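None of these values were measured; they are calculated from a predicted model. The analysis underlying the following values was restricted to heavy atoms, covering all of them including side chains, and did not include hydrogens, waters or symmetry mates.
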Amino acid sequence: MPNSATPTHCPYCALQCGMNLTPLEGGGVAVVERPDFPVNKGALCGKGRTAPAVLESSVRLTSPLVRSGGTLVPATWDEALDRVAEGLARTRTEHGPDACGVFGGGGLTNEKAYSLGKFARIVLGTSQIDYNGRFCMSSAAAAGIRAFGLDRGLPFPLEDIPRTGCVILVGSNLAETMPPSLRFFNELRENGGTLIVVDPRRTKTAEQADLHLAPRPGTDLALALGLLHLIVAEGRVDEEYVQERTAGWEDARAAAMAHWPEYVERITGVSVPQLRETVRLFCEPEHAMVLTARGPEQQSKGTDTVGAWINLCLATGRAGRPLSGYGCLTGQGNGQGGREHGQKADQLPGYRKLDDPAARRHVAEVWGVDPDSLPGPGRSAYELLDALGTDIRSLLLMGSNPVVSAPHAAHIEERIKSLDFLAVCDVVLSETAALADVVLPVTQWAEETGTTTNLEGRVLLRRRAISPPEGVRSDLEVMHELAARLGDGEGTALEKGFPTDPEEVFEELRRASAGGAADYSGITYRRLAQENGVFWPCPAVADTDDAHDGGATDCEDSSPDLAAVPGDDDPARDGETAGAVHPGTPRLFLDRFATPDGRARFVPVSYRAVAEEPDDEYPVLLTTGRVVAQYQSGAQTRRVDELNAAAPGPFVELHPRLAARLGAAEGDPVAVVSRRGRAVAPARITTGIRPDTVFMPFHWPGEGRANTLTNPALDPTSRMPEFKACAVRVETVKS
């Protein structure tokens, strides 16, 4: 690696692929392979390779903007910050602190997420904070906590996947959403293992599978229950494991037995022989895994659906054992860390619960405030957005674009427009930022140092490689300046602890997380730089014998069965550092689960239909997702020429039989209509989708905006909207 190269990580998905950045003559940086990072070993997708394009001044914001006469015009930083402080202060004075809302993002670093939650609760005094990560894996998080007592995307490193015997991949098109990860699944098959993909579409990932199950959208819960029924009926339950390491089996068993194979076939469209083959392939190897993504999670019953797949793992003894288990493929770059440290409506740093008196006392002491001054839990993401302009009158938004990404997006756009005041911190002028009263241009991944936590629970260090353009500041500087203006001056900002140095923020985060479920107290910037990341929980050594309220020390990777598994050669275990630091926890639950009694919990669940079933007026189901060349709301990737050439706009994927009924040909404009609105995009005709289903990617605004159509029906536990299934009709568009 050249001396001038800076090792860092991709700004996009939760793989957080390693890369090196080297300076270019005349300015800017180029991406160079970084083969030492174990997640991607140098491989990158098109988004990662082209990420520096968004650093160019021509495509990003380089000056604050304020609204004047209905138009956003350039302003000085002092003018813009004064306007933000005045808007938030006026709302707080006239309507109370909870009339101020804060909405964050799963792409913010841990330092920013931590500071944003702190800013909301001790500067604004509001309970109304949540983030777009609620739309990512909140159902999996809720199900994981119910079953295991702890939520971490993957309880094992990705490098364990090739060594297991079978993986059931539910609702993930990782060949397009996180392409470098596909190598782990290819290696699994090369090693003699089996890949089963569950998806209504025959995606690029499904094409790699040994067995593809194509259930009707929204029926994953019935599918999992039908598989568990067969596992019981065929005598494949690991009775010894169930007795020794779980609780609640009898009720879960009874619920599953009500879902006999023929009944499940009628609901899902997956044949009984396919159900039996799935059970055989999953149960015969010594080791197996179930991995879920947005497909089963973005449903109004997402928590129960994930819970049913977890029950499948528990009944067969496939959780908390080497090379086995349940895991969730986190989507956003810092979706994991973003919710661990205070952006989520009900959580404090360290994955502590906001309504837990002990948690409030601990964090309040770190922050230097009275525990009673901390507000209680607030609204979830969609409920917060839905309250804009009524209960919530002003909004500070950081790193999110809900005008494109929220369900029932036209309604949310109107709620945003009805605000008394909107301030947005962003890299580009997103569709949401374009509606703001003040837009603050902030630094990007390559222009700042900070930490993220990838889908494995591996905390990583992103390093600053270049200076930002003149006129751009970091989000930490924004919060520092606003805290000063909203308090009693600069001294108050420093006293309340809003430093602009990310390492200083991380040091405080370590203290705030200590003893929590997501304990980072044993992690330092130095360790992250030396060790290629550290897996949480990682308590400080002095704390490892203490009682941790999250059960972190009960999850340590101490099993002798893993002596030969790659990834356990942590440098902290060798040489002069041995015994001086906690090694981190690559693999959870090997000795016990993070519940009070150490047992995993079966949760009895039963099938229920999607919130909006097709009928005569809306006879087809819509499901949504991503394409390889764009990312999330597309606010950044739609500004990269190479990516736009590969994926220039939205489309409607439909089966030839449906296209024939409509009289639609390839490329013809078709309208997809739901009870919430209408979207128009070219037809893409393929046998890779069910005849009763259409698919739209959600990266684009305007008339092709998929989320104009989607249903905001919420999961009662996770408050996840039902992005993955809503009733629609499809119409041809007359030219």
Side-chain angles (χ1 to χ4, degrees), residues 64 66 75-104 108-109 111-129 341-343 345 348-349 354 360-376 378 392-399 419-425 436-443 473-509 511-512:
V66 299
T76 67
W77 268 97
D78 281 341
E79 180 184 358
L81 290 165
D82 287 346
R83 186 88 70 94
V84 175
E86 289 165 6
L88 295 172
R90 183 169 58 252
T91 296
R92 189 174 57 182
T93 299
E94 294 177 0
H95 303 286
D98 273 356
C100 295
V102 176
F103 199 83
L108 301 181
T109 63
E111 292 80 2
K112 294 179 187 178
Y114 171 83
S115 294
L116 188 61
K118 182 179 178 182
F119 179 88
R121 294 181 174 105
I122 72 172
V123 175
L124 296 179
T126 183
S127 66
Q128 301 303 304
I129 175 172
H341 299 299
Q343 281 191 104
L348 288 168
L354 191 52
R360 292 169 68 88
R361 285 194 302 271
H362 174 86
V363 174
E365 182 177 357
V366 174
W367 289 352
V369 299
D370 184 341
D372 293 337
S373 70
L374 297 177
I392 299 173
R393 309 299 290 270
S394 291
L395 182 68
L396 174 63
L397 187 144
M398 193 174 285
L419 282 163
D420 295 343
F421 180 79
L422 171 64
V424 173
C425 299
D437 296 285
V438 179
V439 183
L440 301 175
V442 292
T443 49
R473 298 186 183 180
S474 75
D475 299 277
L476 296 180
E477 290 177 285
V478 169
M479 286 181 274
H480 176 89
E481 293 289 343
L482 290 178
R485 285 165 169 79
L486 289 163
D488 298 323
E490 183 73 13
T492 300
L494 294 174
E495 179 183 331
K496 289 187 175 179
F498 290 91
T500 60
D501 174 50
E503 187 168 8
E504 188 175 346
V505 176
F506 189 79
E507 287 300 306
E508 183 178 303
L509 182 157
R511 298 195 301 275

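- Of all non-hydrogen atoms in L476 and P502, the two that sit nearest each other are CD1-CA, 3.8 Å.
- Shown here are the side-chain hydrogen bond (donor to acceptor under 3.5 Å, both in side chains) partners of D78, two or more places apart in sequence or in another chain: R485.
- Under the 4.5 Å side-chain criterion, counting only non-hydrogen atoms from C-beta, L396 is not in contact with F103.
- In the model, E508 has a side-chain atom that pairs as donor or acceptor with a side-chain atom of Y114 under 3.5 Å.
- The two residues M479 and K112 have their closest heavy-atom pair at CE-O, 3.9 Å.
- By the salt bridge (Lys or Arg N to Asp or Glu O under 4.0 Å) test, E507 pairs with R510, sequence neighbours left out.
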Margin query: Quick one, F498 with E481, criterion side chain to side chain contact (heavy atoms under 4.5 Å, CB included). Give me CA distance, side-chain angles, the key distance, then yes/no.
Written below: CA-CA 9 Å; F498 290 91; E481 293 289 343; over 6 Å; no
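- Taking every heavy atom of both residues into account, P441 and W77 meet most closely at O-CZ2, 3.4 Å.
- Taking all atoms of both residues into account, the shortest heavy-atom contact from R83 to F421 is O-CZ, 3.6 Å.
- Remark: D370 pairs with D372, S373 by the side chain to side chain contact (heavy atoms under 4.5 Å, CB included) rule, at least two apart or across chains.
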Next item on the list: Check the pair L81, R473 against side chain to side chain contact (heavy atoms under 4.5 Å, CB included), reporting the backbone distance first and the verdict last.
Entry: CA-CA 12 Å; L81 290 165; R473 298 186 183 180; 3.8 Å; yes
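- The two residues C100 and I392 come nearest to each other via the heavy atoms C-CG2, 4.2 Å.
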Distance-only donor-acceptor pairs under 3.5 Å for side chains of residues 84-93, two or more places apart:
residue	atom	partner	partner atom	Å
T91	OG1	G87	O	3.2
T91	OG1	S394	OG	2.4
R92	NH1	V123	O	2.7
T93	OG1	A89	O	2.9

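- Judged by distance alone, with hydrogens and angles left aside, the side-chain atoms of E477 form a donor-acceptor pair with the main-chain N or O of S474 at under 3.5 Å.
- The shortest side-chain heavy-atom distance between V66 and D437 does not fall under the 4.5 Å cut-off.
- For the pair H362 (side chain) and R511 (backbone), a donor-acceptor distance under 3.5 Å is present.
- Evaluation of the side-chain hydrogen bond (donor to acceptor under 3.5 Å, both in side chains) rule for R393 yields D420 as partners, not counting sequence neighbours.
- Taking every heavy atom of both residues into account, F119 and A483 meet most closely at CE1-N, 3.8 Å.
- S127 meets the side-chain hydrogen bond (donor to acceptor under 3.5 Å, both in side chains) test with D98; sequence neighbours excluded.
- Under the side chain to side chain contact (heavy atoms under 4.5 Å, CB included) criterion, E504 pairs with P499, D501, not counting sequence neighbours.
- Counting heavy-atom neighbours within 6.0 Å of E79 CD, excluding the residue itself, gives a total above 12.
- For the pair R121 and L348, the minimum side-chain heavy-atom distance is below 4.5 Å.
- Listed for the R360 side chain is a donor-acceptor partner under 3.5 Å among the backbone atoms of L374.
- Residues M398 and L440 fail the side-chain proximity criterion, which asks for heavy atoms closer than 4.5 Å.
- Listed by chain and residue number, V102, T126, I129 satisfy the side chain to side chain contact (heavy atoms under 4.5 Å, CB included) test with A120 (two or more places apart in sequence, or in another chain).
- S115 pairs in a side chain to side chain contact (heavy atoms under 4.5 Å, CB included) with only one of the listed residues (L108, L509, V505, V478), which is V505.
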